[in-house]
Protein chains: 2
Amino acid sequence: MTDCASCVVRNRAICASLNPEELLLLGKMGRKQRVKAGQTLLWEGDDAPVVANVLEGVLKLVVATADGREQIVGIVFPSDFIGRPFGKESPYSVTAMTDAEVCIFNRNAFDEFAGNHPDLQQKLLRRTLDELDRARHWMMLLGRKSASEKVASFLLEMSERLSGQGCQVGGTRNGFELPFGRQQIADILGLTIETTSRQLTRMRSDGLLDLPSRREIVITDRDAMEAMAG
Amino acid sequence: MTDCASCVVRNRAICASLNPEELLLLGKMGRKQRVKAGQTLLWEGDDAPVVANVLEGVLKLVVATADGREQIVGIVFPSDFIGRPFGKESPYSVTAMTDAEVCIFNRNAFDEFAGNHPDLQQKLLRRTLDELDRARHWMMLLGRKSASEKVASFLLEMSERLSGQGCQVGGTRNGFELPFGRQQIADILGLTIETTSRQLTRMRSDGLLDLPSRREIVITDRDAMEAMAG
DNA sequence: CGATTCTTTGACTAGGATCAATGGGCGTGG
DNA sequence: CCACGCCCATTGATCCTAGTCAAAGAATCG
(Lines give C-alpha, C1' and ligand atoms only; values in the text may rest on other atoms or scores of the structure.)
Protein backbone atom coordinates (compact mmCIF):
# COMPACT_ATOMS: atom_id res chain seq x y z
CA MET A 1 0.00 0.00 0.00
CA THR A 2 0.84 3.63 -0.30
CA ASP A 3 1.16 6.39 2.26
CA CYS A 4 -1.17 8.97 0.77
CA ALA A 5 -1.00 11.38 3.71
CA SER A 6 2.56 12.32 2.81
CA CYS A 7 2.07 12.20 -0.96
CA VAL A 8 3.85 14.94 -2.89
CA VAL A 9 0.78 15.73 -4.96
CA ARG A 10 -1.65 15.22 -2.08
CA ASN A 11 -3.17 18.68 -2.37
CA ARG A 12 -3.32 18.97 -6.10
CA ALA A 13 -4.42 15.52 -7.27
CA ILE A 14 -8.00 14.29 -7.26
CA CYS A 15 -7.28 12.63 -3.91
CA ALA A 16 -7.47 16.09 -2.34
CA SER A 17 -11.22 15.61 -2.02
CA LEU A 18 -10.88 12.72 0.40
CA ASN A 19 -10.84 12.68 4.19
CA PRO A 20 -8.17 10.74 6.12
CA GLU A 21 -10.16 7.49 6.37
CA GLU A 22 -11.05 7.50 2.72
CA LEU A 23 -7.47 8.29 1.88
CA LEU A 24 -6.34 5.27 3.83
CA LEU A 25 -8.78 3.09 1.93
CA LEU A 26 -7.63 4.41 -1.43
CA GLY A 27 -4.04 4.04 -0.31
CA LYS A 28 -4.59 0.33 0.21
CA MET A 29 -5.65 0.02 -3.41
CA GLY A 30 -2.79 1.99 -4.88
CA ARG A 31 0.86 1.30 -5.34
CA LYS A 32 3.71 3.51 -6.42
CA GLN A 33 5.59 2.61 -9.55
CA ARG A 34 8.67 4.05 -11.17
CA VAL A 35 8.74 4.45 -14.93
CA LYS A 36 11.87 5.05 -16.98
CA ALA A 37 11.95 7.67 -19.69
CA GLY A 38 10.74 6.14 -22.93
CA GLN A 39 8.86 3.33 -21.21
CA THR A 40 5.23 2.86 -22.23
CA LEU A 41 2.69 2.38 -19.47
CA LEU A 42 -0.44 1.82 -21.56
CA TRP A 43 -0.71 0.80 -25.22
CA GLU A 44 -3.20 2.28 -27.65
CA GLY A 45 -6.00 -0.20 -28.28
CA ASP A 46 -5.03 -2.54 -25.45
CA ASP A 47 -7.24 -3.27 -22.52
CA ALA A 48 -6.24 -0.78 -19.89
CA PRO A 49 -6.58 -2.42 -16.50
CA VAL A 50 -5.20 0.52 -14.55
CA VAL A 51 -5.61 4.20 -13.88
CA ALA A 52 -3.01 6.33 -12.15
CA ASN A 53 -1.97 9.63 -10.68
CA VAL A 54 1.32 11.16 -11.73
CA LEU A 55 3.60 11.91 -8.80
CA GLU A 56 6.70 12.98 -10.67
CA GLY A 57 7.87 13.38 -14.25
CA VAL A 58 6.10 14.04 -17.52
CA LEU A 59 4.27 11.59 -19.76
CA LYS A 60 2.72 11.85 -23.22
CA LEU A 61 -0.51 10.50 -24.66
CA VAL A 62 0.05 9.34 -28.22
CA VAL A 63 -2.23 8.31 -31.07
CA ALA A 64 -0.53 6.64 -34.03
CA THR A 65 -1.60 5.68 -37.55
CA ALA A 66 -0.98 2.23 -39.02
CA ASP A 67 1.96 3.58 -41.01
CA GLY A 68 3.75 5.02 -38.02
CA ARG A 69 2.82 8.69 -37.94
CA GLU A 70 2.40 9.91 -34.39
CA GLN A 71 0.40 12.70 -32.83
CA ILE A 72 0.79 13.63 -29.19
CA VAL A 73 -2.73 14.32 -27.93
CA GLY A 74 -1.94 15.17 -24.34
CA ILE A 75 0.87 15.92 -21.93
CA VAL A 76 0.57 14.75 -18.37
CA PHE A 77 2.26 16.50 -15.46
CA PRO A 78 2.55 15.70 -11.74
CA SER A 79 -0.85 15.57 -9.99
CA ASP A 80 -2.57 14.86 -13.32
CA PHE A 81 -4.68 11.78 -13.78
CA ILE A 82 -3.97 9.00 -16.30
CA GLY A 83 -6.30 6.42 -17.75
CA ARG A 84 -9.85 5.85 -18.76
CA PRO A 85 -12.32 5.20 -15.95
CA PHE A 86 -15.48 3.38 -17.09
CA GLY A 87 -13.73 2.41 -20.31
CA LYS A 88 -12.30 -0.77 -21.65
CA GLU A 89 -9.45 -0.16 -23.98
CA SER A 90 -7.11 2.77 -23.91
CA PRO A 91 -7.70 5.11 -26.84
CA TYR A 92 -4.03 6.13 -26.81
CA SER A 93 -0.61 5.08 -25.57
CA VAL A 94 0.85 6.56 -22.43
CA THR A 95 4.63 6.88 -22.50
CA ALA A 96 7.02 8.50 -20.07
CA MET A 97 8.99 11.39 -21.56
CA THR A 98 11.16 11.67 -18.47
CA ASP A 99 11.82 9.27 -15.63
CA ALA A 100 8.58 9.31 -13.72
CA GLU A 101 6.75 7.97 -10.73
CA VAL A 102 3.06 7.17 -10.77
CA CYS A 103 0.51 5.94 -8.26
CA ILE A 104 -1.36 3.07 -9.89
CA PHE A 105 -4.83 1.71 -9.19
CA ASN A 106 -6.69 -1.26 -10.54
CA ARG A 107 -9.31 0.23 -12.79
CA ASN A 108 -12.27 -1.79 -11.63
CA ALA A 109 -11.47 -1.15 -8.00
CA PHE A 110 -11.01 2.54 -8.74
CA ASP A 111 -14.27 2.75 -10.68
CA GLU A 112 -16.11 1.24 -7.76
CA PHE A 113 -14.39 3.48 -5.24
CA ALA A 114 -15.22 6.51 -7.38
CA GLY A 115 -18.85 5.43 -7.58
CA ASN A 116 -19.04 5.59 -3.80
CA HIS A 117 -17.23 8.90 -3.46
CA PRO A 118 -19.06 11.68 -5.30
CA ASP A 119 -16.49 14.28 -4.28
CA LEU A 120 -13.75 12.33 -5.97
CA GLN A 121 -15.94 11.91 -9.00
CA GLN A 122 -16.64 15.61 -9.12
CA LYS A 123 -12.92 16.37 -9.02
CA LEU A 124 -12.44 13.95 -11.84
CA LEU A 125 -15.26 15.59 -13.78
CA ARG A 126 -13.75 19.03 -13.35
CA ARG A 127 -10.38 17.79 -14.48
CA THR A 128 -11.86 16.02 -17.47
CA LEU A 129 -13.78 19.15 -18.47
CA ASP A 130 -10.56 21.16 -18.26
CA GLU A 131 -8.73 18.57 -20.34
CA LEU A 132 -11.50 18.68 -22.92
CA ASP A 133 -11.24 22.45 -23.16
CA ARG A 134 -7.52 22.17 -23.60
CA ALA A 135 -7.87 19.48 -26.25
CA ARG A 136 -10.39 21.54 -28.19
CA HIS A 137 -8.21 24.60 -28.01
CA TRP A 138 -5.40 22.47 -29.38
CA MET A 139 -7.63 21.35 -32.25
CA MET A 140 -7.77 24.93 -33.45
CA LEU A 141 -3.99 25.09 -33.36
CA LEU A 142 -3.62 21.85 -35.30
CA GLY A 143 -6.28 22.63 -37.86
CA ARG A 144 -5.83 26.30 -38.57
CA LYS A 145 -2.49 27.70 -37.42
CA SER A 146 0.71 28.11 -39.43
CA ALA A 147 4.00 26.59 -38.33
CA SER A 148 5.24 29.81 -36.72
CA GLU A 149 1.94 30.33 -34.93
CA LYS A 150 2.05 26.77 -33.69
CA VAL A 151 5.53 27.05 -32.26
CA ALA A 152 4.83 30.41 -30.63
CA SER A 153 1.58 29.15 -29.09
CA PHE A 154 3.36 26.07 -27.84
CA LEU A 155 6.16 27.99 -26.16
CA LEU A 156 3.71 30.33 -24.45
CA GLU A 157 1.60 27.47 -23.18
CA MET A 158 4.66 25.63 -21.93
CA SER A 159 5.92 28.71 -20.17
CA GLU A 160 2.64 28.74 -18.24
CA ARG A 161 2.35 25.05 -17.53
CA LEU A 162 5.94 24.63 -16.49
CA SER A 163 5.72 27.53 -14.05
CA GLY A 164 5.36 26.34 -10.49
CA GLN A 165 6.77 22.99 -11.51
CA GLY A 166 10.29 23.77 -10.43
CA CYS A 167 11.34 23.68 -14.05
CA GLN A 168 12.14 27.35 -14.43
CA VAL A 169 15.50 28.56 -15.59
CA GLY A 170 16.44 31.79 -13.93
CA GLY A 171 13.26 31.98 -11.91
CA THR A 172 10.96 33.79 -14.32
CA ARG A 173 8.24 32.18 -16.38
CA ASN A 174 10.03 33.39 -19.49
CA GLY A 175 12.83 30.90 -18.95
CA PHE A 176 12.11 27.20 -18.66
CA GLU A 177 13.42 23.78 -19.51
CA LEU A 178 11.34 21.61 -21.80
CA PRO A 179 11.05 18.01 -20.68
CA PHE A 180 11.37 16.78 -24.27
CA GLY A 181 13.25 17.12 -27.53
CA ARG A 182 12.52 18.53 -30.97
CA GLN A 183 10.84 15.45 -32.38
CA GLN A 184 8.34 15.48 -29.56
CA ILE A 185 7.60 19.15 -30.05
CA ALA A 186 6.95 18.29 -33.69
CA ASP A 187 4.62 15.46 -32.64
CA ILE A 188 2.71 17.84 -30.41
CA LEU A 189 2.33 20.50 -33.09
CA GLY A 190 1.64 18.28 -36.07
CA LEU A 191 4.85 19.39 -37.80
CA THR A 192 8.08 17.73 -38.86
CA ILE A 193 11.23 18.02 -36.77
CA GLU A 194 12.89 20.08 -39.51
CA THR A 195 10.13 22.66 -39.64
CA THR A 196 10.11 22.89 -35.86
CA SER A 197 13.85 23.42 -35.76
CA ARG A 198 13.74 26.04 -38.48
CA GLN A 199 11.02 27.99 -36.69
CA LEU A 200 13.01 28.04 -33.47
CA THR A 201 16.16 29.14 -35.28
CA ARG A 202 14.21 31.87 -37.01
CA MET A 203 12.74 33.07 -33.74
CA ARG A 204 16.19 33.22 -32.21
CA SER A 205 17.62 35.27 -35.06
CA ASP A 206 14.58 37.53 -34.85
CA GLY A 207 15.37 38.12 -31.19
CA LEU A 208 12.23 36.53 -29.75
CA LEU A 209 14.07 33.94 -27.69
CA ASP A 210 17.36 32.43 -26.57
CA LEU A 211 18.25 28.76 -26.78
CA PRO A 212 20.96 28.33 -24.10
CA SER A 213 20.93 24.56 -24.49
CA ARG A 214 18.93 21.93 -26.36
CA ARG A 215 16.05 21.90 -23.95
CA GLU A 216 16.18 25.36 -22.46
CA ILE A 217 14.03 28.15 -23.78
CA VAL A 218 14.21 31.78 -22.73
CA ILE A 219 11.52 34.00 -24.18
CA THR A 220 13.10 37.41 -24.56
CA ASP A 221 10.27 39.24 -26.31
CA ARG A 222 7.00 37.98 -24.93
CA ASP A 223 4.89 40.60 -26.69
CA ALA A 224 6.25 39.66 -30.07
CA MET A 225 5.80 36.00 -29.19
CA GLU A 226 2.17 36.58 -28.32
CA ALA A 227 1.62 38.51 -31.53
CA MET A 228 3.13 35.63 -33.45
CA ALA A 229 0.92 33.07 -31.70
CA GLY A 230 -2.08 34.51 -33.58
CA MET B 1 -41.20 24.35 -16.69
CA THR B 2 -40.69 21.36 -18.89
CA ASP B 3 -42.34 17.98 -19.06
CA CYS B 4 -39.30 15.72 -18.85
CA ALA B 5 -41.25 12.47 -18.60
CA SER B 6 -42.27 12.74 -22.23
CA CYS B 7 -39.00 14.17 -23.48
CA VAL B 8 -37.81 12.82 -26.83
CA VAL B 9 -34.28 12.26 -25.55
CA ARG B 10 -35.41 11.13 -22.12
CA ASN B 11 -33.61 7.79 -22.31
CA ARG B 12 -30.43 8.92 -23.97
CA ALA B 13 -29.63 12.23 -22.28
CA ILE B 14 -27.95 12.56 -18.90
CA CYS B 15 -31.40 12.93 -17.36
CA ALA B 16 -31.84 9.18 -17.84
CA SER B 17 -30.13 8.68 -14.46
CA LEU B 18 -32.89 10.44 -12.56
CA ASN B 19 -36.00 9.03 -10.88
CA PRO B 20 -39.42 10.61 -11.43
CA GLU B 21 -39.23 13.00 -8.45
CA GLU B 22 -35.77 14.20 -9.39
CA LEU B 23 -36.89 14.59 -12.96
CA LEU B 24 -39.73 16.80 -11.86
CA LEU B 25 -37.32 18.96 -9.89
CA LEU B 26 -34.95 19.30 -12.84
CA GLY B 27 -37.91 19.96 -15.12
CA LYS B 28 -38.81 22.98 -13.01
CA MET B 29 -35.36 24.43 -13.68
CA GLY B 30 -35.33 23.83 -17.41
CA ARG B 31 -37.10 25.37 -20.31
CA LYS B 32 -37.31 24.43 -23.95
CA GLN B 33 -35.99 26.83 -26.52
CA ARG B 34 -36.07 26.80 -30.30
CA VAL B 35 -32.98 27.91 -32.17
CA LYS B 36 -32.90 28.82 -35.84
CA ALA B 37 -30.18 27.49 -38.13
CA GLY B 38 -27.22 29.87 -37.98
CA GLN B 39 -28.18 31.33 -34.63
CA THR B 40 -25.48 31.37 -31.96
CA LEU B 41 -26.43 30.19 -28.50
CA LEU B 42 -23.16 30.85 -26.67
CA TRP B 43 -20.28 33.09 -27.68
CA GLU B 44 -16.62 32.16 -27.32
CA GLY B 45 -15.11 34.03 -24.38
CA ASP B 46 -18.43 35.26 -23.02
CA ASP B 47 -19.78 34.34 -19.65
CA ALA B 48 -21.93 31.30 -20.22
CA PRO B 49 -24.83 31.43 -17.79
CA VAL B 50 -26.51 28.31 -19.18
CA VAL B 51 -26.04 24.68 -19.95
CA ALA B 52 -28.41 22.65 -22.11
CA ASN B 53 -29.47 19.35 -23.57
CA VAL B 54 -30.07 19.07 -27.29
CA LEU B 55 -33.53 17.76 -28.11
CA GLU B 56 -33.46 18.17 -31.85
CA GLY B 57 -31.12 19.44 -34.54
CA VAL B 58 -27.37 19.70 -34.85
CA LEU B 59 -25.08 22.37 -33.41
CA LYS B 60 -21.39 23.12 -33.79
CA LEU B 61 -18.74 24.19 -31.30
CA VAL B 62 -16.41 26.72 -32.89
CA VAL B 63 -13.08 28.25 -31.90
CA ALA B 64 -11.96 31.24 -33.96
CA THR B 65 -8.73 33.22 -34.29
CA ALA B 66 -8.60 36.99 -34.12
CA ASP B 67 -8.28 37.18 -37.92
CA GLY B 68 -11.38 35.11 -38.58
CA ARG B 69 -10.14 31.60 -39.19
CA GLU B 70 -12.54 29.06 -37.73
CA GLN B 71 -12.13 25.54 -36.50
CA ILE B 72 -15.10 23.40 -35.55
CA VAL B 73 -14.07 21.53 -32.40
CA GLY B 74 -17.22 19.57 -31.78
CA ILE B 75 -20.54 18.60 -33.27
CA VAL B 76 -23.52 18.21 -31.01
CA PHE B 77 -26.44 15.89 -31.74
CA PRO B 78 -29.76 15.26 -30.01
CA SER B 79 -29.33 13.98 -26.43
CA ASP B 80 -25.86 15.52 -26.23
CA PHE B 81 -25.00 18.03 -23.56
CA ILE B 82 -23.95 21.62 -24.20
CA GLY B 83 -22.07 24.01 -21.97
CA ARG B 84 -19.43 24.14 -19.33
CA PRO B 85 -20.51 23.14 -15.83
CA PHE B 86 -18.25 24.54 -13.09
CA GLY B 87 -16.81 27.02 -15.55
CA LYS B 88 -17.19 30.69 -16.10
CA GLU B 89 -16.72 31.63 -19.68
CA SER B 90 -17.41 29.45 -22.66
CA PRO B 91 -14.20 28.34 -24.39
CA TYR B 92 -16.03 28.20 -27.73
CA SER B 93 -19.11 29.41 -29.56
CA VAL B 94 -22.14 27.17 -29.90
CA THR B 95 -24.07 27.73 -33.13
CA ALA B 96 -26.99 25.85 -34.62
CA MET B 97 -26.25 24.24 -37.98
CA THR B 98 -29.87 23.27 -38.46
CA ASP B 99 -33.05 24.49 -36.83
CA ALA B 100 -32.83 23.04 -33.36
CA GLU B 101 -34.52 22.71 -30.04
CA VAL B 102 -32.66 22.66 -26.75
CA CYS B 103 -33.55 22.27 -23.10
CA ILE B 104 -31.84 25.07 -21.20
CA PHE B 105 -30.79 25.29 -17.56
CA ASN B 106 -29.33 28.06 -15.51
CA ARG B 107 -25.74 27.02 -14.96
CA ASN B 108 -25.52 27.76 -11.27
CA ALA B 109 -28.75 25.98 -10.55
CA PHE B 110 -27.62 23.04 -12.65
CA ASP B 111 -24.22 22.90 -10.93
CA GLU B 112 -25.89 22.76 -7.58
CA PHE B 113 -28.39 20.15 -8.69
CA ALA B 114 -25.56 18.06 -10.12
CA GLY B 115 -23.65 18.36 -6.86
CA ASN B 116 -26.56 16.72 -5.09
CA HIS B 117 -27.10 13.99 -7.67
CA PRO B 118 -24.04 11.81 -8.07
CA ASP B 119 -25.71 9.62 -10.69
CA LEU B 120 -26.25 12.62 -12.91
CA GLN B 121 -22.69 13.68 -12.33
CA GLN B 122 -21.44 10.25 -13.23
CA LYS B 123 -23.39 10.32 -16.48
CA LEU B 124 -21.88 13.68 -17.18
CA LEU B 125 -18.42 12.35 -16.40
CA ARG B 126 -18.86 9.40 -18.76
CA ARG B 127 -20.07 11.68 -21.51
CA THR B 128 -17.19 14.09 -20.97
CA LEU B 129 -14.67 11.26 -21.05
CA ASP B 130 -16.17 10.04 -24.34
CA GLU B 131 -16.05 13.55 -25.77
CA LEU B 132 -12.42 13.84 -24.70
CA ASP B 133 -11.55 10.59 -26.46
CA ARG B 134 -13.29 11.80 -29.56
CA ALA B 135 -11.53 15.16 -29.44
CA ARG B 136 -8.13 13.49 -29.04
CA HIS B 137 -8.82 11.15 -31.89
CA TRP B 138 -9.69 14.19 -33.96
CA MET B 139 -6.38 15.82 -33.02
CA MET B 140 -4.56 13.00 -34.80
CA LEU B 141 -6.66 13.64 -37.87
CA LEU B 142 -5.98 17.38 -37.80
CA GLY B 143 -2.28 17.08 -37.09
CA ARG B 144 -1.19 14.13 -39.16
CA LYS B 145 -3.62 13.16 -41.88
CA SER B 146 -3.63 14.23 -45.53
CA ALA B 147 -6.64 15.87 -47.15
CA SER B 148 -7.93 12.63 -48.66
CA GLU B 149 -7.49 10.77 -45.38
CA LYS B 150 -9.31 13.55 -43.57
CA VAL B 151 -12.30 13.50 -45.87
CA ALA B 152 -12.52 9.69 -45.87
CA SER B 153 -12.29 9.55 -42.05
CA PHE B 154 -14.92 12.23 -41.78
CA LEU B 155 -17.40 10.45 -44.04
CA LEU B 156 -16.95 7.20 -42.18
CA GLU B 157 -17.46 8.83 -38.80
CA MET B 158 -20.53 10.68 -40.04
CA SER B 159 -22.00 7.50 -41.47
CA GLU B 160 -21.76 6.03 -37.96
CA ARG B 161 -22.97 9.03 -36.01
CA LEU B 162 -25.86 9.77 -38.32
CA SER B 163 -27.08 6.19 -38.17
CA GLY B 164 -30.01 5.78 -35.84
CA GLN B 165 -30.65 9.49 -36.10
CA GLY B 166 -33.29 9.18 -38.75
CA CYS B 167 -30.97 10.90 -41.18
CA GLN B 168 -30.31 7.92 -43.46
CA VAL B 169 -30.94 7.99 -47.14
CA GLY B 170 -32.12 4.65 -48.40
CA GLY B 171 -31.97 3.03 -44.99
CA THR B 172 -28.37 1.83 -44.89
CA ARG B 173 -25.57 3.46 -42.97
CA ASN B 174 -23.76 3.92 -46.28
CA GLY B 175 -26.23 6.54 -47.38
CA PHE B 176 -26.89 9.62 -45.27
CA GLU B 177 -27.63 13.30 -45.42
CA LEU B 178 -25.12 15.68 -43.92
CA PRO B 179 -26.64 18.43 -41.82
CA PHE B 180 -24.17 20.95 -43.20
CA GLY B 181 -22.47 22.28 -46.31
CA ARG B 182 -18.97 22.16 -47.76
CA GLN B 183 -17.58 25.13 -45.83
CA GLN B 184 -18.50 23.48 -42.56
CA ILE B 185 -16.90 20.21 -43.57
CA ALA B 186 -13.79 22.22 -44.33
CA ASP B 187 -13.98 23.88 -40.91
CA ILE B 188 -14.24 20.49 -39.26
CA LEU B 189 -11.28 19.03 -41.15
CA GLY B 190 -8.96 22.01 -41.07
CA LEU B 191 -9.06 22.36 -44.86
CA THR B 192 -10.33 24.95 -47.32
CA ILE B 193 -13.64 24.56 -49.07
CA GLU B 194 -11.88 24.10 -52.40
CA THR B 195 -9.73 21.23 -51.19
CA THR B 196 -12.74 19.58 -49.59
CA SER B 197 -14.73 19.86 -52.80
CA ARG B 198 -11.88 18.52 -54.91
CA GLN B 199 -11.46 15.50 -52.65
CA LEU B 200 -15.15 14.66 -52.88
CA THR B 201 -15.14 15.02 -56.66
CA ARG B 202 -12.10 12.81 -56.87
CA MET B 203 -13.72 10.17 -54.70
CA ARG B 204 -16.78 10.19 -56.87
CA SER B 205 -14.81 9.73 -60.07
CA ASP B 206 -12.83 6.95 -58.36
CA GLY B 207 -16.13 5.23 -57.60
CA LEU B 208 -15.93 5.45 -53.82
CA LEU B 209 -19.16 7.39 -53.42
CA ASP B 210 -22.17 9.03 -55.02
CA LEU B 211 -23.27 12.61 -54.44
CA PRO B 212 -26.99 12.57 -55.31
CA SER B 213 -27.48 16.09 -54.02
CA ARG B 214 -25.47 18.75 -52.23
CA ARG B 215 -25.85 17.25 -48.81
CA GLU B 216 -26.40 13.59 -49.56
CA ILE B 217 -23.56 11.11 -49.47
CA VAL B 218 -23.73 7.49 -50.51
CA ILE B 219 -20.63 5.46 -49.81
CA THR B 220 -20.45 2.87 -52.57
CA ASP B 221 -17.10 1.28 -51.71
CA ARG B 222 -16.71 1.20 -47.98
CA ASP B 223 -13.57 -0.96 -48.02
CA ALA B 224 -11.77 1.48 -50.27
CA MET B 225 -13.02 4.34 -48.13
CA GLU B 226 -11.65 2.69 -45.03
CA ALA B 227 -8.33 2.07 -46.71
CA MET B 228 -8.20 5.71 -47.69
CA ALA B 229 -8.96 6.87 -44.15
CA GLY B 230 -5.49 5.66 -43.08
C1' DC C 1 37.65 9.88 -27.00
C1' DG C 2 34.76 7.55 -30.08
C1' DA C 3 30.05 6.21 -31.14
C1' DT C 4 25.53 7.29 -31.11
C1' DT C 5 21.78 10.18 -31.06
C1' DC C 6 19.69 14.51 -31.69
C1' DT C 7 19.59 18.92 -34.10
C1' DT C 8 20.49 22.05 -37.60
C1' DT C 9 20.94 23.43 -42.27
C1' DG C 10 20.41 23.07 -47.31
C1' DA C 11 18.20 21.89 -51.79
C1' DC C 12 14.27 20.41 -53.80
C1' DT C 13 9.32 18.77 -54.08
C1' DA C 14 4.60 18.49 -53.46
C1' DG C 15 0.24 19.13 -51.29
C1' DG C 16 -2.89 22.25 -50.17
C1' DA C 17 -3.94 27.35 -50.12
C1' DT C 18 -5.15 31.25 -52.69
C1' DC C 19 -7.14 33.82 -56.31
C1' DA C 20 -10.41 33.86 -59.91
C1' DA C 21 -14.04 32.38 -62.76
C1' DT C 22 -17.74 29.31 -63.96
C1' DG C 23 -21.57 26.26 -62.95
C1' DG C 24 -25.79 24.66 -60.80
C1' DG C 25 -29.87 24.57 -57.48
C1' DC C 26 -33.24 26.92 -55.37
C1' DG C 27 -36.39 30.39 -54.00
C1' DT C 28 -38.74 34.57 -55.31
C1' DG C 29 -41.32 37.34 -57.98
C1' DG C 30 -43.01 38.57 -62.39
C1' DC D 1 -44.40 28.53 -65.20
C1' DC D 2 -40.43 30.61 -66.24
C1' DA D 3 -36.72 34.05 -65.48
C1' DC D 4 -33.80 36.16 -62.61
C1' DG D 5 -30.68 36.56 -58.86
C1' DC D 6 -28.43 34.61 -55.03
C1' DC D 7 -25.85 31.35 -52.75
C1' DC D 8 -23.12 27.55 -52.68
C1' DA D 9 -20.15 24.33 -55.02
C1' DT D 10 -16.97 23.16 -58.55
C1' DT D 11 -13.10 23.75 -61.46
C1' DG D 12 -8.80 25.89 -63.06
C1' DA D 13 -4.26 28.26 -62.66
C1' DT D 14 -0.72 29.62 -59.80
C1' DC D 15 1.79 30.25 -55.47
C1' DC D 16 3.78 29.15 -51.23
C1' DT D 17 4.30 26.69 -46.98
C1' DA D 18 5.76 22.83 -45.02
C1' DG D 19 7.37 18.11 -46.17
C1' DT D 20 11.05 15.18 -47.94
C1' DC D 21 15.62 13.75 -48.70
C1' DA D 22 20.32 14.32 -47.62
C1' DA D 23 24.30 15.72 -45.14
C1' DA D 24 26.84 18.08 -41.73
C1' DG D 25 27.22 19.63 -36.98
C1' DA D 26 26.55 19.43 -31.83
C1' DA D 27 25.52 16.96 -27.40
C1' DT D 28 25.60 13.12 -24.71
C1' DC D 29 27.08 8.68 -23.02
C1' DG D 30 29.76 4.99 -22.43
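Excluded from the calculations below are hydrogen atoms, water molecules and symmetry mates; all remaining heavy atoms, backbone and side chain alike, are included. Letters A, B, ... are given to chains in the order of the sequence lines, protein chains preceding strands, and every chain is numbered from 1.
Distance from the side chain of B/A147 is smallest for C/dG16 among the nucleotides C/dG16, C/dT8, D/dT11. Of the candidate nucleotides D/dC7, D/dA22, D/dA18, D/dA22 has the atom nearest to the side chain of A/E194. Nearest nucleotide to the A/R182 side chain, out of C/dT7, D/dC21, C/dG16: C/dT7. Nearest nucleotide to the A/T201 side chain, out of D/dA9, C/dG16, C/dT8: C/dT8. Listed candidates were C/dG16, D/dA18, C/dT9. Nearest to the side chain of B/T195 is C/dG16. In the set D/dA26, C/dG10, C/dG16, the nucleotide with an atom closest to the side chain of B/S146 is C/dG16. Among D/dT20, D/dT11, C/dG24, the nucleotide with an atom closest to any side-chain atom of B/R214 is C/dG24.
When rounded to the nearest whole Å, the span between CZ of A/R202 and C1' of D/dA18 equals 12 Å. In this structure, A/D187 atom CG and C/dT7 atom P are separated by 11 Å, rounded to whole Å. If you measure from atom CZ of B/R198 to atom C1' of C/dG16, you get 9 Å, rounded to the nearest angstrom. Whole-Å rounding puts the B/L178 CG to D/dA9 C1' distance at 14 Å. Summarising the geometry, the separation between CZ on A/R144 and C1' on C/dT18 is reported as 13 Å, rounded to the nearest angstrom. Rounding to whole angstrom units, CD of residue B/E216 and P of D/dA9 are separated by 14 Å. Going from atom CD1 of A/I193 over to atom P of D/dC21 covers 15 Å, rounded to whole Å. Put simply, CZ on A/R204 is 11 Å from P on D/dA26, counting in whole angstrom units.
Nearest-nucleotide assignment on DNA chain C puts the 5′-proximal partner with A/Q183, out of B/S213 and A/Q183.
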What side-chain donor-acceptor pairs closer than 3.5 Å can you find for residues 38-54 of chain A, not counting sequence neighbours?
residue, atom, partner, partner atom, Å
A/Q39, OE1, A/K36, N, 3.1
A/T40, OG1, A/T95, OG1, 2.9
A/E44, OE1, A/A64, N, 3.0

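Ring centroids of B/F110 and B/F81 are separated by less than 6.0 Å, placing the two rings close together.
For the residue pair B/R10 / B/S79, no side-chain donor-acceptor distance below 3.5 Å is found, with atom types taken as modelled. No side-chain N or O of A/T128 forms a donor-acceptor pair with one of A/E131 less than 3.5 Å apart. A/R31 and A/Q33 share a donor-acceptor pair across their side chains, judged by distance under 3.5 Å alone.
B/L191 comes within 4.0 angstrom of the backbone, heavy atoms only, and of no base.
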